[in-house]
*Asks:* 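Quick one: the structure is below, questions incoming.
Chain letters run A, B, ... following the sequence lines, proteins first, then strands; residues in each count from 1.
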Number of protein chains: 2
Amino acid sequence: MAVRRNTWQREAVREALERSEGFISAQALHTELHRTGSPIGLATVYRALADLSTEGEADSLQSPEGEAIYRSCATMDHHHHLICRQCGTTAEIEATEVEAWASRVAAEHGFTEARHVVDIFGLCADCTAAAARA
Amino acid sequence: MAVRRNTWQREAVREALERSEGFISAQALHTELHRTGSPIGLATVYRALADLSTEGEADSLQSPEGEAIYRSCATMDHHHHLICRQCGTTAEIEATEVEAWASRVAAEHGFTEARHVVDIFGLCADCTAAAARA
DNA sequence: GCCGTGTTGAGAATGGTTATCATTACTGAT
DNA sequence: ATCAGTAATGATAACCATTCTCAACACGGC
Ligand SMILES: [Mn+2]
Ligand SMILES: [Mn+2]
Ligand SMILES: [Zn+2]
Ligand SMILES: [Zn+2]
């Protein structure tokens with residue numbers, strides 16, 4: 001029995017996500033899909049993104065505004081993000097020192113099964129320049 | 001000219017927040033206030049928490065479920081949290097090395113006005129012990 | 001081609017948060 | 001203490017992201 005059927009919708013979401021630059025919300029991705037002619041439903045975009053995230057094909061995190069945002073994973077390895085809060089451009093960053101720090105701090109306090117949230121939000125070079133002009 | 005008036009509502013929120021153990025949502029704090037006899041309005045709780053957060057008297061962060069949660073700050077200094085995802089117990093932690101790392105990484109990528117989200121979620125010593133027993 | 005059932009999507013429902021706006025009540029001035 | 005000006009409050013509606021519902025649909029094994 002098939003546990004998962006293949007539909008153009010799933011593939012459309014995967015491709016649209018890969019095509020987009022940085023982190024993007026489900027709503028924004030849905031808008032983008034419609035803009036390029038796809039009649040996909042909003043609920044389906046939500047479902048596909050949740051699946052991609054579960055399968056590890058996409059990163060997801062909560063924006064400071066409380067919106068869930070997604071990004072196609074370049075690498076499956078553990079990593080963190082530097083995100084422009086203006087345009088969404090994202091850089092995947094290594095954080096070796098932080099990894100060590102996190103596990104040390106957790107251990108010092110007797111915590112186990114520790115996971116960390118480490119992300120940096122700022123204005124990218126382009127958006128900084130644009131802001132300076134205005 | 002008074003820029004900020006003193007009301008029992010603000011103080012009630014501040015005190016209720018200090019009284020609560022770990023991070024708590026605006027809704028939960030409102031319920032708690034009503035439970036203890038305060039007729040404060042929900043909107044006011046939201047406003048007071050937002051103010052406390054702005055003034056640095058309270059920390060706020062997005063729970064993994066996307067709810068904004070708050071905690072009374074023991075120290076006004078910049079710090080981060082080690083949070084038990086089982087019981088909510090929280091420890092405030094210093095992250096000197098991480099501060100340096102964050103600003104260095106942001107600068108290296110041309111980012112400005114960088115803010116970081118650095119939190120560790122795990123199981124506290126007690127919850128770890130409880131889990132081991134079961 | 002058929003059938004069984006996983007998938008879709010329009011719209012309703014949910015739930016957290018914010019906006020309205022008439023009313024209330026601080027506060028500085030008189 | 002009284003008053004006036006206005007910031008703060010709160011019941012409620014509005015907002016908005018996300019999830020749910022369920023009838024219609026379409027994969028895919030046969
Ligand atoms: Mn890490
Ligand atoms: Mn920091
Ligand atoms: Zn940018
Ligand atoms: Zn615990």
*Asks:* With heavy atoms under 4.0 Å as the rule, sort B:Gln9 into base, sugar-phosphate or nothing.
*Replies:* sugar-phosphate
*Asks:* Expressed as a whole number of angstroms, how long is the span from A:Leu42:CG to D:dC20:C1'?
*Replies:* 13 Å
*Asks:* Heavy atoms from C-beta onward define the side chain here; which of D:dG28, D:dA8, D:dT18 lies closest to that of A:Asn6?
*Replies:* D:dG28
*Asks:* Measure from the side chain of B:Ala26, starting at C-beta and using heavy atoms only, and say which of C:dA19, D:dA8, C:dT17 lies closest.
*Replies:* C:dT17
*Asks:* Check whether any side-chain N or O of A:Asp59 sits under 3.5 Å from a backbone N or O of A:Cys73 as a donor-acceptor pair, and report yes or no.
*Replies:* no
*Asks:* Can you figure out which of C:dA19, D:dT9, C:dG9 approaches the side chain of B:Ala43 most closely?
*Replies:* C:dA19
*Asks:* Quick one: pull up CG in A:Leu42 and CZ in A:Arg47 and give me the separation to the nearest 0.5 Å.
*Replies:* 9.5 Å
*Asks:* How long is the line joining CG of A:Leu33 and P of C:dG9, in whole Å?
*Replies:* 11 Å
*Asks:* Verify, without hydrogens or angle tests, whether A:Ser60 (side chain) and A:Ser53 (backbone) share a donor-acceptor contact under 3.5 angstrom.
*Replies:* no
*Asks:* Quick one: A:Arg4 CZ to C:dG4 C1', roughly how many Å, whole number?
*Replies:* 19 Å
*Asks:* Thinking salt bridges, do A:Arg14 and A:Glu55 make one under a 4.0 Å N-O criterion?
*Replies:* no
*Asks:* Report the relative orientation of the aromatic rings in A:His78 and A:His116; use parallel for angles under 30°, tilted for 30 to 60°, perpendicular for over 60°.
*Replies:* perpendicular
*Asks:* Take the protein atom CG of B:Asp51 and the nucleotide atom C1' of C:dT18, then report the distance between them rounded to whole Å.
*Replies:* 14 Å
*Asks:* Whole Å only: how far is the CD1 atom of A:Ile24 from the P atom of D:dT18?
*Replies:* 12 Å
*Asks:* Would you say A:Tyr46 places a side-chain N or O within less than 4.0 Å of OP1 or OP2 belonging to D:dT19?
*Replies:* no
*Asks:* Just call it for B:Arg47: base, sugar-phosphate, or nothing, with non-hydrogen atoms closer than 4.0 Å on any strand.
*Replies:* base
*Asks:* Could you give the CG-to-P distance, from B:Leu49 to D:dT9, as a whole number of Å?
*Replies:* 12 Å
*Asks:* Check whether any side-chain nitrogen or oxygen of A:Thr44 sits under 4.0 Å from OP1 or OP2 of C:dG9, and answer yes or no.
*Replies:* yes
*Asks:* Which residue, B:Ala50 or B:Thr7, contacts DNA chain C at a nucleotide closer to its 5' end, judged by nearest heavy atom?
*Replies:* B:Ala50
*Asks:* Among the candidates D:dG28, C:dT17, C:dT8, find the nucleotide nearest to the side-chain atoms of A:Arg5.
*Replies:* D:dG28
*Asks:* Looking only at side-chain atoms of B:Gln27, point me to the closest of D:dA17, D:dG10, C:dT17.
*Replies:* C:dT17
*Asks:* For the side chain of B:Glu67, starting at C-beta, report the closest nucleotide among C:dG16, C:dG11, D:dA8.
*Replies:* C:dG16
